[in-house]
Amino acid sequence: MSLRFYNTLTQQVEEFTPLHDNVVRMYTCGPTVYNYVHIGNLRTFTFQDILRRWLRARGYQLDHVMNITDVEDKIIRNAKAENKSIQEYTATYTQAFLDDIATLRLERPERIVKATEHIPEMVDAVKKLEERGFTYVSDGSVYYSIANFPSYGKLSHNDFSGIRAGARVDVDEYDKADARDFVLWKAQKNGEPGWDSALGKGRPGWHIECSAMAMKYLGETLDIHTGGVDLTFPHHENEIAQSEAITGKPFVRYWLHSEHLSIDAQKMSKSAGNFFTLRDLLGMDYTPEAIRYLLASVPYRKKLNFTFEGLKAAAASIDRLRNYKLRLETDKFPAGTNSTLAERTRTASAAFDAALDEDLNTAEALAAVFEYVRDTNTAMDAGEFPAGNVAEALEFLTRFDSVFDVLKPSTRTGGLSDAEVDALIAERAAAKKSRDFTRSDEIRAQLAAQGVILEDTKEGVRWKRS
RNA sequence: GGCGCGGUAGCCAAGUGGUAAGGCAGAGGUCUGCAAAACCUUUAUUCGGGGGUUCGAUUCCCCCCCGCGCCUCCA
């Protein structure tokens with residue numbers, strides 16, 4: 001039993017151990033808060049959530065930092081268009097992001113840090129690069145000279161040995177194809193926000209944010225750095241170039257990148273306009289759990305093609321698991337304990353663990369759960385599932401749900417109270433007893449219309465909310 | 001062009017040098033007053049195509065075809 005992850009740096013699946021003690025120091029590139037995040041963004045954050053939960057399940061403690069990029073070209077442009085301050089504009093979308101990840105049951109990283117609150121650290125990092133000879137100044141802006149960092153390209157596995165030094169531009173949204181050097185500090189221009197600093201009045205480049213904040217909180221060498229594959233180059237490559245030029249030490253030990261969510265076989269992206277936000281899908285009455293399940297069920301290094309059929313399938317899968325749990329909790333089981341079944345539970349649990357240990361293979365982990373569900377349902381149907389095995393089955397479900405977190409229905413406002421439901425069920429039972437099936441079906445339909453599903457079993461009626 | 005990922009049943013998708021997990025959907029059936037739930041049967045002689053290695057390849061090697069991503073902002 002050892003945890004293994006695919007490391008982009010080495011292009012291999014490697015055994016994972018933290019550098020210090022039992023604490024995993026992890027950094028995640030968070031959102032740029034210029035708009036609502038879409039479900040493609042949320043796929044990556046869901047992957048990180050599964051990673052967090054599994055690391056903890058395996059006994060590690062976490063020190064996880066996520067940044068919020070709250071100053072950047074698009075933010076400046078959009079805020080200006082809406083006649084708002086940067087702070088005012090980003091506050092809206094920062095809160096929306098926090099709300100969205102909470103809706104999807106994504107755990108909050110131990111620290112969520114904002115770029116604009118770490119300007120001094122970034123300036124300091126740039127100064128250190130300057131002292132070590134990795135920078136040059138042009139038009140008041142400070143650039144990183146990658147010609148001075150020979151191992152540039154080791155993460156993205158690109159060969160930059162033929163690169164020309166000196167070509168540079170000073171905006172995030174480049175318009176020169178041959179630019180390779182990147183900006184560390186942007187001199188203030190007409191009307192843009194700027195901070196006074198030893199580098200002159202200006203604002204930080206995107207890449208230096210992450211280097212400065214990651215090292216401030218997590219030290220010079222991190223255990224894990226995650227992000228979407230699109231950040232591998234140039235963003236993460238640049239983080240390495242900055243951080244390692246400053247410290248002379250390896251910046252990150254394990255780089256984990258999650259594949260994109262696509263739609264109609266194309267990458268979902270804001271610039272392409274082919275995206276759904278979480279709010280869009282919730283507005284279509286899909287549940288957060290179904291969305292979470294869909295995003296989590298495809299292993300993170302595999303492209304996930306988003307379809308509504310897939311989303312419905314996810315919801316159906318959750319229903320199957322919830323029905324199973326309800327059955328465990330409400331059926332009457334014969335007395336005793338079955339050692340063969342107990343062994344079956346252990347096998348399933350071990351398979352679940354092994355699947356997640358191997359680079360978070362969520363698809364295989366789910367298969368282990370569903371095989372177990374089918375086998376034990378069969379045993380229950382045959383009356384061969386004793387009461388003494390119920391607890392272990394529920395424990396296994398709990399372990400599953402500690403990672404996937406989809407069993408508990410999201411609370412809905414309104415609807416019938418439990419007492420009202422019970423009263424109607426009692427009325428229906430009376431109708432059934434007098435073989436008034438018209439009335440009993442009427443009540444069942446009435447409840448169904450209000451989101452309450454009845455199931456008649458040998459032991460009586462059980463119900464659930466849809 | 002460079003780098004990277006992928007092509008497995010209607011859809012999603014796991015997987016291994018030894019004969020194809022799981023979920024969803026579909027069809028039939030058992031159970032039920034009817035449902036629901038559950039279960040059973042059924043759905044890929046086959047894993048993009050062609051060579052090669054091997055007793056044996058979906059799994060290893062070579063070539064080719066197709067899709068996607070990064071190489072400029074982007075999870």
Side-chain angles (χ1 to χ4, degrees), chain A residues 8 11 28-32 34 37-48 72-74 153 156-160 169 171-180 182 206 226-235 237 257-262 265-272 293-294 297-299 301-307 309-324 326-327 331 351 355 361-374 376-382 432 435 437-438 440-441 444-445 448 453-458 461-464:
Chain A
T8 306
Q11 299 180 290
T28 285
C29 288
T32 299
Y34 70 97
V37 293
H38 58 64
I39 54 170
N41 302 313
L42 289 169
R43 195 242 173 139
T44 296
F45 298 124
T46 302
F47 144 64
Q48 285 149 187
E72 171 265 0
D73 290 0
K74 282 189 280 287
S156 54
H157 306 285
N158 282 316
D159 181 5
F160 293 99
V169 289
V171 293
D172 287 340
E173 294 171 333
Y174 296 111
D175 51 17
K176 287 187 185 176
D178 60 346
R180 290 289 200 281
F182 55 92
W206 175 39
T226 69
V229 282
D230 54 339
L231 297 187
T232 307
F233 187 86
H235 185 52
E237 196 74 71
H257 290 103
S258 66
E259 254 299 346
H260 287 307
L261 180 89
S262 53
Q266 306 293 128
K267 174 183 170 182
M268 181 177 283
S269 72
K270 286 174 195 161
S271 50
Y293 184 99
L294 177 65
S297 61
V298 176
R301 285 202 298 127
K302 178 129 182 160
K303 288 185 186 73
L304 194 173
N305 192 39
F306 175 81
T307 62
E309 189 181 357
L311 197 47
K312 287 178 186 127
S317 299
I318 294 171
D319 278 343
R320 179 164 165 78
L321 296 173
R322 285 180 181 168
N323 288 334
Y324 177 73
L326 186 65
R327 185 177 193 183
D331 264 17
N361 191 336
T362 49
E364 205 173 328
L366 287 171
V369 172
F370 281 105
E371 281 182 75
Y372 177 78
V373 167
R374 191 196 54 231
T376 49
N377 262 326
T378 302
M380 289 178 208
D381 284 358
K432 274 183 71 174
R435 304 195 69 76
F437 294 122
T438 309
S440 74
D441 288 354
R444 186 168 65 194
I453 309 289
L454 301 191
E455 295 176 9
D456 293 329
T457 73
K458 286 199 251 345
V461 183
R462 71 179 169 217
W463 63 276
K464 64 189 178 189

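Naming convention: chains lettered A, B, ... in sequence-line order (proteins, then strands); numbering from 1 in each chain. Owing to the predicted nature of the structure, the values given are computational and were not obtained by experimental measurement.
How far CE of A:M268 is from CD1 of A:I39: 4.0 Å, rounded to the nearest 0.5 Å. Interatomic distance, OH of A:Y324 versus CE of A:M380, reported as 4.0 Å (0.5 Å rounding). Residue A:L304 holds its CG atom at 12.5 Å from NE2 of A:H260, rounded to the nearest 0.5 Å. Atom CG of A:D456 and atom CZ of A:R444 lie 6.5 Å apart (nearest 0.5 Å).
Using a 3.5 Å distance cut-off with no hydrogens or angles, the side chains of A:T32 and A:E72 do not pair a donor with an acceptor.
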What does the B/S/- profile of nucleotides 57-62 of chain B look like, 5' to 3', with a 4.0 Å heavy-atom cutoff to protein?
------

What string of B, S and - do you get for nucleotides 32-39 of chain B, 5' to 3', when a contact is any protein heavy atom under 4.0 Å?
-BBBBSSS

Which nucleotides of nucleotides 4-14 of chain B have their base under 4.0 Å from a protein heavy atom (B), which only their sugar-phosphate (S), and which neither (-), written as one string 5' to 3'?
BBSS--BS-SS

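With a 4.5 Å cut-off on side-chain heavy atoms, A:K267 and A:K303 do not count as touching. A 4.5 Å side-chain heavy-atom check between A:R43 and A:F306 finds every atom pair outside the cut-off. In this structure the side chain of A:R327 never reaches within 4.5 angstrom of the side chain of A:T457, judged on heavy atoms.
B:C24 atom P lies 13 Å from atom CD of A:E371, rounded to whole Å. Atom-to-atom, CG of A:L311 to P of B:G23 comes out at 19 Å; the value is rounded to the nearest Å. At whole-Å resolution of the value, CG in A:L366 and C1' in B:C24 are 13 Å apart. Look at CD on A:Q266: it is 10 Å from P on B:C70, rounded to the nearest Å. In this entry the distance linking CZ of A:F306 with C1' of B:A75 reads 16 Å, nearest Å. Protein atom CG of A:L231 is 6 Å distant from nucleotide atom C1' of B:A75, rounded to whole Å.
Distance check on atom C1': B:A20 versus B:A57 gives 13 Å, rounded to whole Å. One C1' atom belongs to B:C31, the other to B:A36, and the distance between them is 12 Å to the nearest Å. Spacing between B:C60 and B:A13 at atom C1', rounded to whole Å, works out to 24 Å. Remark: the separation of the P atoms in B:G51 and B:C12 is 28 Å, to the nearest Å. Comparing the same atom, P, in B:C70 and in B:C62 gives a spacing of 27 Å after rounding to whole Å. Here, B:A14 and B:A44 have their C1' atoms 15 Å apart, quoted to the whole Å. The same atom, P, is picked in B:U45 and in B:A9; the two are 10 Å apart, to the nearest Å. As rounded to the nearest Å, B:C74 and B:C61 have C1' atoms that lie 38 Å from one another.
With B:C70, B:G23, B:C24 as the candidates, the nucleotide lying closest to the side chain of A:S317 is B:G23.
With sequence neighbours left out, A:F370 forms a ring-ring contact (aromatic ring centres under 6.0 Å, His included) with no residue at all. With sequence neighbours left out, A:T46 forms a side-chain hydrogen bond (donor to acceptor under 3.5 Å, both in side chains) with no residue at all.
Using a cutoff of 4.0 Å between basic side-chain nitrogens and carboxylate oxygens, A:K458 and A:D331 are not scored as salt-bridged. The residues A:D319 and A:K464 are annotated as not salt-bridged, no charged nitrogen and carboxylate oxygen being separated by less than 4.0 angstrom.
Here A:M268 lies in heavy-atom contact (under 4.0 Å) with a base. Here A:A313 lies in heavy-atom contact (under 4.0 Å) with sugar-phosphate atoms only. At the heavy-atom level, A:L326 lies nowhere under 4.0 Å from the strands shown. Among the heavy atoms of the strands lying under 4.0 Å from A:H38 is at least one base atom, whether or not backbone atoms are also near.
Each of A:A265 and A:L42 was assigned the nucleotide of RNA chain B with the nearest heavy atom; the assignment lying further toward the 5' end belongs to A:A265.
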Stepwise, does the side chain to side chain donor-acceptor pair (under 3.5 Å) test hold for A:S156 with A:T232?
CA-CA 6 Å; A:S156 54; A:T232 307; over 6 Å; no

Apply the test side-chain contact (heavy atoms from CB on, under 4.5 Å) to residues A:E455 and A:N323: give CA-CA distance (whole Å), side-chain angles for both, the deciding distance (0.1 Å), then the verdict.
CA-CA 10 Å; A:E455 295 176 9; A:N323 288 334; 3.9 Å; yes

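Using a distance-only test at 3.5 Å, with no hydrogens or angles considered, a donor-acceptor pair links the side chain of A:H38 to the main chain of A:G40.
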In dot-bracket form, how is RNA chain B paired, counting a Watson-Crick or G-U wobble pair only if both its distances are under 3.5 Å and using | for bases paired to another strand?
(((((((..(((.....[...))).(((((.......))))).....(((((..]....))))))))))))....

